[in-house]
Structure formats: C-alpha cells, structure tokens
Amino acid sequence: YLSLSFLSDYRLNMESGDNSSTAELMSRYVSLELGYGVPKDGWRICLAHEFKEKRKPFQAKDVSLSNIVEHIGLGVRYLKWWYKKTQIEKKAPFIDMFRAIPLRQIYGAPLGGIGGGTITRGWRGEFCRWQLNPGMYHYKTVIANQFTVCLRRGGQTVYQQVLSVERPPTLQGWNWGYCGEYAFYHALYPRAWTVYPLPGQNVTLTCRQVSPVIPHDYQDSSLPVAVFVWDIENKNDYPLDVSIMLTMVNGSGHKDDKSGGHWNEPFHLEKAGESVSGVLLHHCTTVNPYTLCMAAREQSDREISHQTAFSPKGTCGVLWGDLIADGRLDSPTGQCPPTQKGEVVAAALAVGCPVPAQGHNDLEFSLAWDMPNITFGSREREHVRRYTRFFGTKADAAPSLSHHALTHYRLWERSIEEWQRPILQDSSLPPWYKSALFNELYFVVDGGTVWTELPEDSDVSGGLRSEDGGLPAQPAIIKEYGRFAYLEGQEYRMYNTYDVHFYASFALIMLWPKLALSLQYDIAGSVVSCDPTERLHLMSGRNSPVKVKNVVPHDIGDPDDEPWQRVNAYLIHDTADWKDLNLKFVLQVYRDFHLTQDTQYLQDMWPICQAVMESEMKFDTDGDGLIENSGYADQTYDGWTATGPSAYCGGLWLASVCVMCKMARLVNNEAAFQRFRDILDRGSAAFDKLLWNGQYYNYDSSGQDLSNSVMSDQCAGQWFLRASGLGDGQFQAFPKEKICSALKSVFDLNVMSFAGGQMGAVNGMRPEGVPDHSSVQSDEVWIGVVYGLAAIMIHEGMLEEGLRTAEGCYRTVWERLGMAFQTPEAYCEKGIYRSLAYMRPLSIWAMQLALDTSQPRDQAPKTTTTPTDQTPKKGLSQN
C-alpha cells in the first residue's frame, strides 16, 4: 500500500514539529515579542499576512454541461422559485445559487456564548459579521468600532494610535494605519489574543478576548457577552499612564442603523461590592430591538470615562482630541436625544491606568448585547432566549450581564483551561490538530444558533402520547435545558439539518449533552407529526406533502419563517424518501445513550426508533434484508445519484439494524431482538455479496460504469458503531478485515492519490486513481466527512493515516485558503468552494472521541460525557 511509503516521512515531520504553513502565516511578523500569556497552541497569523490563493464560490455557472443537461428541469424550477422568493415575497432564499457570499479572508473568533446572537471580530480586529437577528447574517465591517491606545508620560500624551491596520476614507481625524507587520493574532477558541508591540514605544499590548463557551455549563454558556482584557507591558525605565478607548456604533452597519429613534446613555451599577460603569446603546427597531453595552469594572487605580454620543461621520477630530488632551473622555451625564431618520450615533468608553517602569498592568472591557425576546421571519410567535432564565425578559439586563461578565470571566477561563489542558498537554497529538479541534467549535455559537426557553403552552410530542408510543408534551430535558437549533450553514439557512447534524452532533453530545438530547426530543416529536400540505419539490417537479408521519424531517425550519412550527424548509428533494435520515436518528439515539447512560432517554426514544425503522423497511424492495437506493440522490449527497444497494446507505442500514438489536436487549424486548437479528444476518450477507469487490465496498450495485467508484464515506455505519462501543462480537455488522481493507483503499486512492495527499479525501475516486467527475459532489472534498473518516481510521487502529487525512483539510482551509472561522462544506482540488461556515466540520470531535476511547482501558476518557448530570432511572420495561 501507498500508506507504507509515506508514513515514515509523516512520523519524521510530526517529530520535528512540521509547521511550514504556520510559518507562512507568520512570515511577515518583524517583532520578537510573543505577547503576555499567549498559549503555544492555536491558529496564529501576522496582521500583515495576505493569502495568495483567492477562491470563488460554487454557483450555477460552475455546473458542468453534462450535469446541466441532466438537471435542466431543476434549473428552470429553481429559477422560477428564486424569482418569486426574492422579487415578489422579498425574502432571502434558504439556498441562494445566484448570490453566494463572496470569500472574505478576514474572520476571527466570534464573540458571545451559545444562542444569544453573535458578533464576529476579524483577525485584524474589525467587527465584521453580525448575527443578532436569529439565524440571519449580516456581513458588514463597521469601521468606527475600534480600540485606540493613548500613552502619556509626565502628563503629556506621547503616542495615540487606532489599533487597526486600516486606512479608511472616513474618520480622518484619527491616527490610522498601525503597521500590521508588528502584530499577530492567535486563536484558541473560545479565546483569542492579539499582540501589538507599539513601534518605537517599548510597550507591548496583548488583547485577550474571552467568551463564556464552557462545556457542561448551561447557564453562563448562554450569555451574550464577551470580555477584552488588555495586558500592558512597559519595558521602559520610566512609568507611563496608558488608556484604551473602545468606540462602538449603535447598530451593526445595517440600514436600520439609520431608521431613527436610537439613543445612548451612561450607566453605573453596584452589586455585591463590585461596581461597573459604561454606556448603553439602545437600538430601537420595531422587530427584535436590542441594547449594546460597553462596560468596565471600577478599581482603585483605574479611571473610567465615556463619551455618550458622537457622530461616526466626518473626521471625528473632537473625540480624538478629547482623548489626546488628558487620556480621558469628557463623560457627560444624561442620555443623548434619539437619532433622527438617516442619522447614525456612536459612543466611546475609555479606561486608563498607570504602568510602572519595567512593569505590567491590565485593563478590562466587556461587550454585551441584550435581545431577550425574539421573533423569526414570520413574526408569528415570540420566543424567549435561554439567558433570560437568569437575567430576565425585560430588556434591561445589559448592565447586569456586563457586571456578571467582568466579575466572573476569570472563573470562565479557569474552566476553559481545565477542559483544554489535557489535550493541549498531550505531546502525542500534533499542533495542527489541537488548533482544529478547538477552533472548529466556533460553529456551535456562530451557526446562526438559537437557544430558547420552551413556552408553557408548547407540545413537542407531535400529538402522540407516551402510552401510544409517543413522547411527553413537555419532556423534562427540554423544560430544564431549553430548545437548541443551529443552521446547516450560514449560507444554507435551515435549522438542525439532520443528515448533516449526524456528523456535527459529536461536538454537542461530548460537550453539551443536554442540548444534544433536547434536539433529539424535538426531532422525535416531529417524526410522529405530519404536514399534508402539498408543495412542489424542485428536483422531481412533483407535488408531495411537506412532512410525512413516522419519518425524520430534513430540518426543523428556516429562521426567515417559523422554525419548529413549520419543518422541512428544504424543498429540492422530497426527503420522505431519503434513505439516510431515519437511520441517522436511530444511530444517534444509541450513541447518545452509550455516552450519557440516560435510560429515560432510551426508553422515550425506543418507540420512535421502532416507528422510523418500520418506515425504512419499505426500501428493502426485494426482502433480502438490505435497503436499496432509488436511482436519484436520495441521501445527504443530494447531488450524487445512487441506485440499488449502496455502500453509504446500505452501511448505515446495517449499523442501524445492529443498534436496534442492542437496544432491544436493553429494553428486554426479545421479539424485536430476534426480528432485527434475522434482518442483520441476511442484510450483512447481501451487503457483502452485492458490494464487496475484494478491496473495498463499491459505491453502489447498479453495475453502471461508475458504480465501482471508491467512496470516502463508505464506512460511516461502522464509524457510528465504534463510537457507540459496538462493532465486535454479538453486535457486529461488518467484518473487521474488510473495514480495514476499505479504509486502506480510501487512504491510498481518495487521500494520497488526490492533490498530492495534501487536501484530505475526495468524496469519490475511480480505482484507476482519478476523481469521479460524474456529479457536482463526487469530486468535492467535504471537510466534515473527512473528519469522520479520520475518526473511523483511528477507531480501527490507523492513527497516523487518520491524522494525515484530517491534516490535509485543516491546512487547506485554515492556512492556505484563508477560511478560518468559516470552514465550508466543500472545496474542489482547484478554483471553487461551496457553502461557507458549515455545520458538518464539527465532526472533528468524533476524532477526539476515537482518541479517547482508543486509549488503554485503565485510562479515563478526557472529554467524553459522563452520566453525572442526571441519575439514570432503573428498569426499562418491555415495549
């Protein structure tokens, strides 16, 4: 195998800490300063770096001629639907094939906790991506949102600089153009550091950005706040007075900033012996109004000052002069008048402190945004965000949120460090992996995420009561931990897209297991409900119901409509006939039980699993124990046709049947066990007979020219069995030697014979070593699929192959293509990418689960969930 020829080189590279591409990101850094308390591991980039490769998004014009001919009907129907949606209804399409978001190679770690909205800062410090309205993104850099430093010696200002490399045409009264070659950015999510050595001043500033994203925490992790800690190192032989000023516009650069009626006011809050002061920016839109809040903690040697309102137009020389005069701002009292229509208002907060000669001091700021009550696009219902359980729904919580952040962020950091330390200190793991593992977690927060309280009148059961095989109207876990939803992608605007969540779910079940289970209860309730409304599906051109009973929905809705209430925003295919959705539900139910040992959950889900498996049986048309694909793209690869039994869906089916056997034993249902055992035996024999070719499982069994393509995802079923502690002995679906042979084939062909082995695994590869170009998806690399592939390699003892496979994706996305904090669904070997900021790459946490569980038995897992949050209930009854 090719694997032998490269693995010795890979080991050498690992041992020598091969960081060539990391070095490229830092090649323009001219300072020797390493900053204050910046960790070794993470993603690091000089502020002067320019990415050489500029990719374009996949759009309708990129479809090949053969695919255009094949899908001409889809194209015409999509165009009509797109025109109606955008020009008549004035809504944004859930997928926009004509107006993809252009690649901006600028993003850094987002601010804020889970589900309260996000503000993303770029790695050069800009405030540039906004998701305050739930699930709806706004990409605008607000140039007036900046940090500025003022240095004073002996009562005189000696240096004042906006900490930005920009030179904008506005705000000409400010000193712009900080030299990016002197600064670098370092991200280890949920924290990030920017190091600014001040040229000629012998002073280094390190800005540490902290968001409350804390595993197994369901309170502070929901808060819409972030803290900026500025560590100041004075390497001069004389003391300095240092002020940092934060300026913020009331708004997000959106057109509603000019709608009028917005106003600012200073505030002071004292509580439990601690005081904070700052400015509130009330953004008074008719839909989803909110308050932004800049604040600082009062301490004996800190001076806090503010400017309640200034216009961020013109030169803004007055504000600049105010700070330069004495290192502080005028601090007027009282609120400013509401803005007039067409007018924009901003505010400033400055904090100063003395820094001794050859000494250190620090300054703290918080930024909070309080939008407690939200409506989605339909405006039909009001939802209440999770954090209101702790801070109220009256839209007056910004001061308290700021106070809490400034007095608790050190505890957050301690928790974050305790969680990350075992992985960061594990010398057997390569540096790129540590960066990838934590930084890809950004999507849990910045995936258009909402986390809401369950309304008292809600019924998530789908109307079918527990005694009839359904769920409680208000499952205890949703009542206690709320409802959670995240988008398939920032460009693919559907919540909890289930075929993709299958991959991403590892991050939730390992780090916030209650949210993972809550999401499962929501999906289960949707399974037993139906929506008979007929609508046109764009691929087939046929009308069919929105939602059929006893099948898993594709998604729980579009944030521009009414999620949870109206599911299946996706209307390209009729997903009632997709082969993977039901199976992915069953596999997740058991994996979740295995990791949490929550027996109430298993008992509640068992009848739902029986119902969806019963629905799935109809796809075994010849009764051989193995389901067949229907000759169209009827699974997550929704542009790649499969016909007859296939490696992907057939493998998921066998794994699901295996899991049903295991669950039947746990609930003492011997009849179900025997039934599924029989199906497993027959289905496994058919799978081997129809798909195994001696080296790997063929893509499908159609016998067509490309049916023997090598699919990178052919072992997905075995991956979930291994993640669930199954796959051997009585609960085995695939022979181990065949899985290992298939994985070696994938490694040799899809990984090492593609792009020089440097870009991960291509989805489909021909046995002769060229990519399968038969569809728009077969010659793509799907990053989230690659991380899952790496996980099954690790489970099967192929650690080095797994790491090499995943490394190609990380280095391509984060170091070559400039897609940090916007990892796409897919890229091709050259030219294009598809769907920025996508859910599936959270599957990298499956690699960590594989690493944890592949350790010697006497070592405790490092990051997997434990049943400590909830006492299991004994005695599962037969059903």
Side-chain angles (χ1 to χ4, degrees), residues 582-599 601-603 605-610 612-614 616-617 620 623-627 645 647 649-692 697 714-743 791-792 794-797 846 849-850 852-857 861 864 867 872 874-879:
N582 296 331
L583 307 175
K584 288 172 172 177
F585 179 80
V586 171
L587 290 168
Q588 286 185 75
V589 165
Y590 183 71
R591 185 227 28 212
D592 296 350
F593 168 73
H594 171 69
L595 293 176
T596 64
Q597 294 296 301
D598 185 333
T599 52
Y601 168 72
L602 182 62
Q603 184 158 352
M605 294 296 143
W606 170 245
I608 312 294
C609 289
Q610 287 180 297
V612 300
M613 287 300 280
E614 205 58 51
E616 194 78 8
M617 294 287 183
D620 178 9
D624 65 351
L626 186 62
I627 62 167
C649 291
L652 292 175
W653 163 255
L654 292 180
S656 301
V657 173
C658 184
V659 155
M660 289 298 286
C661 292
K662 176 67 175 178
M663 290 194 288
R665 277 275 151 92
L666 289 169
V667 300
N668 302 316
N669 189 329
E670 190 60 26
F673 173 81
Q674 292 299 340
R675 181 187 183 211
F676 285 108
R677 182 76 247 177
D678 171 63
I679 295 170
L680 181 61
D681 291 342
R682 291 186 295 111
S684 295
F687 189 73
D688 270 7
K689 178 183 171 188
L690 293 167
L691 291 161
W692 181 251
Y697 295 104
Q714 63 184 273
C715 297
Q718 176 74 354
W719 166 37
F720 255 73
L721 290 179
R722 287 293 189 209
S724 305
L726 303 175
D728 290 312
Q730 186 179 13
F731 300 105
Q732 180 175 356
F734 313 94
K736 181 175 173 63
E737 65 277 7
K738 290 183 177 175
I739 289 291
C740 289
S741 174
L743 290 172
I792 180 57
I794 294 167
H795 279 297
E796 298 298 342
L849 179 65
D852 286 349
T853 53
S854 301
Q855 290 176 343
R857 293 286 175 194
T864 46
K874 300 291 182 198
L876 289 176
S877 61
Q878 181 168 326
N879 192 346

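Keep in mind that the numbers below use all heavy atoms, side chains included, and drop hydrogens, waters and symmetry copies.
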Euclidean distance, Trp653 CH2 relative to Met613 CE, rounded to 0.5 Å:
4.0 Å
Using the rule given for side-chain contact (heavy atoms from CB on, under 4.5 Å), can you reason through Lys584 versus Leu652, listing the C-alpha separation, both sets of side-chain angles and the distance that settles it, and then say yes or no?
CA-CA 7 Å; Lys584 288 172 172 177; Leu652 292 175; 3.9 Å; yes
With heavy-atom distances below 4.5 Å as the criterion, would you say the side chains of Leu595 and Leu849 are in contact?
yes
Please give me the minimum heavy-atom distance between His594 and Gly725, naming the atom from each residue.
NE2-N, 3.7 Å
Residue from His795, Arg722, Gln718 passing side-chain contact (heavy atoms from CB on, under 4.5 Å) with Ile739
Gln718
Can you check whether Asp688 reaches Lys738 side chain to side chain, under 4.5 Å on heavy atoms?
yes
So Arg677 and Leu680, side-chain contact (heavy atoms from CB on, under 4.5 Å) or not? Walk me through it.
CA-CA 5 Å; Arg677 182 76 247 177; Leu680 181 61; 3.5 Å; yes
Value rounded to 0.5 Å, distance of CG in Leu602 from CG in Asp592:
10.5 Å
Tightest non-hydrogen contact, residues Ile608 and Phe585, listed as CG2-CE2, 3.7 Å
Could you walk me through whether Ile679 and Met617 pass side-chain contact (heavy atoms from CB on, under 4.5 Å), step by step?
CA-CA 10 Å; Ile679 295 170; Met617 294 287 183; 3.4 Å; yes
Taking all heavy atoms of Gln732 and all of Cys658, pick out the closest pair and write down the distance.
N-SG, 3.8 Å
Could you tell me the separation between the CE atom of Met660 and the CG atom of Leu583, rounded to the nearest 0.5 Å?
10.5 Å
Heavy-atom side-chain proximity of Met663 to Val586 below 4.5 angstrom:
yes
Quick one, Val589 and Trp606 - any side-chain contact, counting heavy atoms below 4.5 Å?
no
Passes ring-ring contact (aromatic ring centres under 6.0 Å, His included), Phe720 versus Tyr590? Steps please.
CA-CA 9 Å; Phe720 255 73; Tyr590 183 71; over 10 Å; no
With the side chain counted from C-beta on, respond yes when Phe593 and Met605 share a heavy-atom pair under 4.5 Å apart, and no when they do not.
no
Closest heavy-atom contact between Ala742 and Tyr697?
CB-CD1, 4.4 Å
Are Asn669 and Gln610 close enough that some pair of their side-chain heavy atoms sits under 4.5 Å apart?
yes
Separation of Leu587 CG from Ser724 OG (nearest 0.5 Å):
7.0 Å
Can you name the residues that form a side-chain hydrogen bond (donor to acceptor under 3.5 Å, both in side chains) with Lys736, not counting sequence neighbours?
Glu796
Partners of Arg665 by side chain to side chain contact (heavy atoms under 4.5 Å, CB included), sequence neighbours excluded?
Glu670, Phe673, Gln730, Phe731
For Phe734 and Ser684: C-alpha separation, side-chain torsions, deciding distance, then whether side-chain contact (heavy atoms from CB on, under 4.5 Å) applies.
CA-CA 7 Å; Phe734 313 94; Ser684 295; over 6 Å; no
Determine whether Asp624 and Lys689 satisfy the following criterion, salt bridge (charged side-chain N to carboxylate O under 4.0 Å, His left out), listing intermediate values before the conclusion.
CA-CA 11 Å; Asp624 65 351; Lys689 178 183 171 188; over 6 Å; no
In short, Gly683 meets Leu654 closest at the heavy-atom pair C-CD2, 3.5 Å
Work out which heavy atom in Cys649 is nearest to a heavy atom in Ile627; give both atom names and the distance.
O-CD1, 3.9 Å
With sequence neighbours left out, write down each residue that passes side-chain hydrogen bond (donor to acceptor under 3.5 Å, both in side chains) with Lys662, or none if nothing qualifies.
none
